[in-house]
Trainee: 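Attaching a single structure in structure tokens format; questions to follow.
Every chain is numbered from 1, with letters handed out A, B, ... down the list of sequences.
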Amino acid sequence: MGLLQEAIFGIVTGSYIAIAAIGFTLIYGIVNMINFAYGEYLTLGAFVGFFAASAIPVPLPVAIVVAMVGGGVISIVLARGFFTPINHTGPVPLLLTSIGLGIAIRNAIRLFGGRSARYIETETTTFRVDAVPDVSIGSVDLLGGFFVTSEHLIVFGSAVAVFLAIHALLTRTDVGIAMRAMGDDESLARVRGIDTQLIRDSVWVLAGVLAGLAGVLMAIQTNVSSTTGFSHILQILSAAILGGAGSPYGAIIGAYVIGLALAISTAFLPSSMTGLSSAVAFAILIAVLLVKPSGIAGTEVREA
Amino acid sequence: MSLLSAEGLVKDFGGLRAIDDLSVSIDEGELVGVMGPNGAGKSTFFNCVSGVIPPDDGTVTLDGTDVTGDPPESLAHRGLVRTFQNTRELETMTVRDNVRLAAPDQPGERTLPALVRSGSMREHEETVRERAEELIETFELDHLADEYSSNLSGGQRKLLELARTLMLDPEVLMLDEPFAGVNPTLTGEIADHIRDLNADGMTVVIIEHELETLTELVDRLIVLRQGRLLVEGEPEAVLEDERVIEAYLGGDAE
Amino acid sequence: MSALDRLPSGRGDRALIAGVACLFVGGLFALTPLQASLPSALYVFVEVGITFVIYGMLVLGLDLQYGHTGLVNFGHVVFFAVGAYATAMLAAQDSFSGIALGYPWPLALLVGVIAAALLGLVVSATSIRLRDDFLAIVTLATAEIFHSIFVNFEGVFGGNVGILGVPRPIAALVGDADTRLIATILVIGGITLITLAAVTRLTDAPYGRVLRAIRADELVTRSVGKSTIVYKTQAFVYGAALAGLAGGLFALYNGAVAPGFFTIQVTVTIWIGMLLGGAANHRAVLAGLAIIMGLRLVSRFGLSVTPVSGDVFAAFRLVVVGLILIAVIRFRPAGIWGDPQELGVDQ
């Protein structure tokens, strides 16, 4: 397979990581916590979408909306039940709680849903372009023919729609502007009369909606099992930190960097070692934290 | 001869110049007050001198040695110790441990002596204990010695901080608002302690808003404004200076 | 003097004596014809007990890092794994795949400890200045990277099968299974007790006072003249070395290492044990670990009497484990025996 094809896969992967990373980074910026259970929100959203699409069944666009609503509800309920009561205790107890919550949810899904992978069936159209010449370096083909499926286009299109919607939300609406103000300086925001708990709740809902969407897109594009979210959480986290923790725009860029890095490392690694490509994302994460802890656009995470 | 001097200090915070070409010199045995309206750069000046943040430009000299940008721990070894504006106790430690911690050169703070419980560690710890008890008594904290310092009142915290720094026997003591949030009786006590320390030869630099106590206490006042040195001199003369009155009553007070 | 006044005293000496006694008796079982017999009902207890004493070294090291110094290391398993793999690869006579060098096991064990300590040094040199939660993420990511390296480099680490054919010094000396189990738990337990004595001495000494001061407020600790970076690095490296020792002993007890032994579950288990018992208190963290590992026993017995599959039971146990972690942090943040004031939490 040519590098061009891998790049397309990378953009698709980057797209759903980006949607999730925006939600993750908003929680980080506003609630000031690393939510390690966030991957499970994706899994739950995907399962909600899957059951809507197969058990009820509803048309695909409706299933996607159901997954988003489900994700938002799950997120705010979990936040109210587990995170809001200990909001004052600081980042470490919040992180540890989210780790515990992630384990519990992941295994509860395994308990009720079993280990098998599921995917949402869609009618797929494949568009092929074979007229691109091969430019080979060693075993890697730098160009080469490629294809794009309608699923790829759904994922990418959804991502672009999300970016535009988030941009409008953060710049045009009162809630969004308040979110940005709170991300910059919470005490100042409170002084200015912003209801910080209301904004936190809004962020939880929004992050849940985004997780639900990212999850259901994964179920359409590949498949989901109880461990899907967990196996993506470090990629989402890497994207968010790479972009500068707390910055939604940075998270988008970070996600595509991670997506492409994963795809390209898959192309260059020998086939017996493709499992290493996930390690590549973590290596990028560590490198970013060491070289430029503030990411592409964000706040300092080192001790003063 | 000047014991501690800063020359041409500059510090920017994101385009905002907190201190601007500031030069200050303090002689051995002096008791100096630093004052100025909010945002005048007093705390930044302290932070740059005590190694908490490195200055962008300029030099800090302690006892003839260039110590610009040296970290707080190495300045402490050279005899310069500071306190903090918002008292920072080790809240999860007892008053006793707070004071004992500061003891310098304890061999038991290294791994091997700690593991083998070396004799020198035990002997040294005896001395540390005695000295700490003395200081705790001097500052009338003995009834609180086993309390966690999170249970102390604001004034008691100031006393504890002072006791802890004295454990190091510093040559230069830098106090950041030692009277803030302290009741009048305790303020008087702390002022007396500072006076005694200075009388014993310790060089003391104090940042303070509480003007009355400060001017009674110090030999010399330094007034900062917008990161620069505005006026310095005898307290009485400085307080009557037009520029100082203007700085305090004028628009900069915000 | 008050109970809080923890300064050089005899504390921990009993652990030292008990540890040496365990090693001695364990040695007798291993080296002399002396035999022990164990009712088969107790086998499972001794087996879980051996895992407990190995994990005990992990939790003592983690508590030195987090409980005393405040370093949030959420990748502790990686040091355990590196110690185990280094020992296994050096000592293994003949592995199915992966490297097997066949050196004497004491040398291999030593190298295992050094390898884990070196990794600890590298991680702390690069990351110790990061804010708490980001240090947690870096350590966690480090553990995940190593895990996937172990799985993917089959020629070196043996892939999912791991390294086989690691010598088992006690098994080589003792033929009879009962005596072997008893000797193993005594020897490894003895080493854990000696570890307990060592960390107790360290934290009771002025050394521990500096560590606790760093956890309370690093800047203040620096301003009274302590080089906090040196202490943080030391605490991190000591914890890593202890984990490496635990890993090496595990390899030499188990006779094989594989990625499945070194998942994030190990990190989670020892974290819960530490938080449940009460951080910054050595005996408490061991007791907390005992409770959480007792849960394994319960689930083993439960499995034999309930008509569900092992997979369902494992999933159920992990749901409970996750909820325990959440509940401890929320309702008892200082753990069962921890001191809320010393840990700076509301209870």
Side-chain angles (χ1 to χ4, degrees), chain A residues 28 32-34 36-37 81-82 85-86 88-112 114-115 226 230 234 237-238 241 245 269-270 272-287 289-290 293 300-304, chain C residues 66 70 72 74 123 126-149 151-155 159 218-219 228 264-265 267-268 271-272 275 308 311-330 333 344-346:
Chain A
Y28 177 81
N32 199 12
M33 73 173 282
I34 293 176
F36 213 72
F82 295 100
I86 58 160
H88 58 283
T89 55
V92 174
L94 283 165
L95 171 65
L96 293 174
T97 298
S98 75
I99 290 173
L101 184 62
I103 295 171
I105 296 177
R106 189 156 66 247
N107 286 285
I109 297 171
R110 195 172 121 200
L111 208 52
F112 295 109
R115 273 176 181 269
S226 61
F230 184 65
L234 280 173
L237 196 150
S238 305
I241 292 173
L269 284 170
S272 65
M273 288 189 190
T274 47
L276 270 184
S277 65
S278 63
V280 172
F282 314 148
I284 294 174
L285 164 71
I286 292 177
L289 280 174
L290 302 184
E300 189 64 54
V301 297
R302 265 188 222 179
E303 303 272 1
Chain C
Y66 175 76
V72 189
F74 218 85
V123 172
T126 51
S127 316
I128 211 101
R129 284 187 173 83
L130 289 171
R131 217 180 70 181
D132 294 342
D133 44 350
F134 285 87
L135 179 61
I137 294 302
V138 166
T139 46
L140 194 149
T142 306
E144 293 298 312
I145 289 174
F146 270 81
H147 194 264
S148 71
I149 287 174
V151 173
N152 282 283
F153 285 90
E154 248 188 274
E218 187 172 356
L219 181 57
T228 55
I264 189 174
Q265 290 307 338
T267 303
V268 170
W271 263 91
I272 295 180
L275 295 175
V308 294
D311 192 51
V312 168
F313 218 94
F316 182 73
R317 187 173 65 84
L318 288 170
V319 171
V320 174
V321 164
L323 293 176
I324 291 177
L325 178 56
I326 295 168
V328 169
I329 291 165
R330 172 120 165 233
V345 294
D346 306 326

Trainee: Which heavy atom in C:R330 sits nearest to a heavy atom in A:G81, and how many Å separate them?
Mentor: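 Between these two residues, the closest heavy atoms are NH1-O, 2.9 Å.
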
Trainee: Given side-chain contact (heavy atoms from CB on, under 4.5 Å), test A:I99 with C:W271 step by step and report yes or no.
Mentor: CA-CA 11 Å; A:I99 290 173; C:W271 263 91; over 6 Å; no

Trainee: Can you tell which part of A:L285 gets under 4.5 Å to a heavy atom of chain C, answering side chain, backbone, both or neither?
Mentor: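 For A:L285, side-chain heavy atoms alone lie under 4.5 Å from chain C.
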
Trainee: Nearest 0.5 Å, please: how far is CD1 in C:I326 from CG in A:L101?
Mentor: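 Reported value, rounded in 0.5 Å steps: 4.5 Å.
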
Trainee: If you measure from CG on A:L234 to CD1 on C:I137, what distance do you get to the nearest 0.5 Å?
Mentor: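 Output value for this atom pair is 7.0 Å.
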
Trainee: Report yes if the side chains of C:V345 and A:T89 come closer than 4.5 Å at any heavy-atom pair, otherwise no.
Mentor: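 Not touching, per the 4.5 Å side-chain cut-off.
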
Trainee: Would you mind checking which part of C:L275 comes under 4.5 Å of any heavy atom in chain A, side chain (CB onward), backbone (N, CA, C, O), both or neither?
Mentor: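 The side chain, not the backbone.
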
Trainee: Please report the shortest heavy-atom distance between C:D132 and A:V92, naming the atom on each side.
Mentor: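 Heavy atoms of C:D132 and A:V92 come nearest at CB-CG2, 3.4 Å.
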
Trainee: If you compare all heavy atoms of A:L111 against all heavy atoms of C:A315, which two are closest, and at what distance to 0.1 Å?
Mentor: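 Shortest heavy-atom contact: CD1-CB, 3.7 Å.
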
Trainee: Under 4.5 Å heavy-atom distance to chain A, tell me which part of C:L219 shows up: side chain, backbone, both or neither.
Mentor: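 No part of it gets close to chain A.
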
Trainee: For a 4.5 angstrom cut-off between non-hydrogen side-chain atoms, does C:I145 reach A:I286?
Mentor: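 With C-beta onward as the side chain, the pair touches.
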
Trainee: Measuring from atom CD1 of A:I105 to atom CG of C:L323, what distance do you get when rounded to the nearest 0.5 angstrom?
Mentor: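 One finds 9.5 Å between CD1 of A:I105 and CG of C:L323.
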
Trainee: What is the minimum heavy-atom distance between A:P93 and C:I329, and which atoms define it?
Mentor: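 Of all heavy-atom pairs spanning A:P93 and C:I329, the closest is CB-CG2, 3.8 Å.
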
Trainee: So what's closer than 4.5 Å to chain A heavy atoms on C:F313: side chain, backbone, both or neither?
Mentor: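 Contact with chain A involves no heavy atom of C:F313 at all.
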
Trainee: Based on non-hydrogen pairs under 4.5 Å, which of C:V72, C:L140, C:I149 is most in contact with chain A?
Mentor: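 Top count of heavy-atom pairs under 4.5 Å with chain A: C:L140.
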
Trainee: Around A:F230, counting heavy atoms of other residues, nucleotides and ligands shown, do more than 12 lie under 6.0 Å from its CZ?
Mentor: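 Atom CZ in A:F230 is packed in, count exceeds 12.
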
Trainee: Between A:A279, A:G90, A:S226, A:A108, who has the most heavy-atom pairs with chain C when the cutoff is under 4.5 Å?
Mentor: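 Of A:A279, A:G90, A:S226, A:A108, A:A279 has the most heavy-atom pairs under 4.5 Å with chain C.
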
Trainee: Using heavy-atom distances under 4.5 Å, tell me whether A:P85 contacts chain C through its side chain, its backbone, both, or neither.
Mentor: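 Just the side chain, heavy atoms under 4.5 Å.
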
Trainee: Using 0.5 Å steps for rounding, measure from the CD1 atom of A:I34 to the CZ atom of C:F74.
Mentor: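 So the gap between those two atoms works out to 12.0 Å.
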
Trainee: Let me confirm one number: the CG-CG distance from C:D133 to A:N32, rounded to the nearest 0.5 Å.
Mentor: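 Answer rounded to 0.5 Å: 7.5 Å.
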
Trainee: Is A:I86 close to chain C through its backbone or its side chain, or both, or neither, when contacts mean heavy atoms under 4.5 Å?
Mentor: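 Just its side chain gets close to chain C.
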
Trainee: Nearest 0.5 Å, please: how far is CD1 in A:I103 from CD in C:Q265?
Mentor: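 Here the rounded value is 5.5 Å.
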
Trainee: If I measure from the heavy atoms of chain C, does A:F112 come under 4.5 Å with its side chain, its backbone, both, or neither?
Mentor: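 For A:F112, no heavy atom lies under 4.5 Å from chain C.
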
Trainee: Which atoms of C:V320 come close to chain A, meaning under 4.5 Å heavy atom to heavy atom: side chain ones, backbone ones, both, or neither?
Mentor: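 Nothing of C:V320, per the 4.5 Å heavy-atom cut-off to chain A.
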
Trainee: Check each atom of A:L237 against the heavy atoms of chain C and say whether the ones under 4.5 Å are side chain, backbone, both or neither.
Mentor: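 For A:L237, the contact with chain C is made by the side chain alone.
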
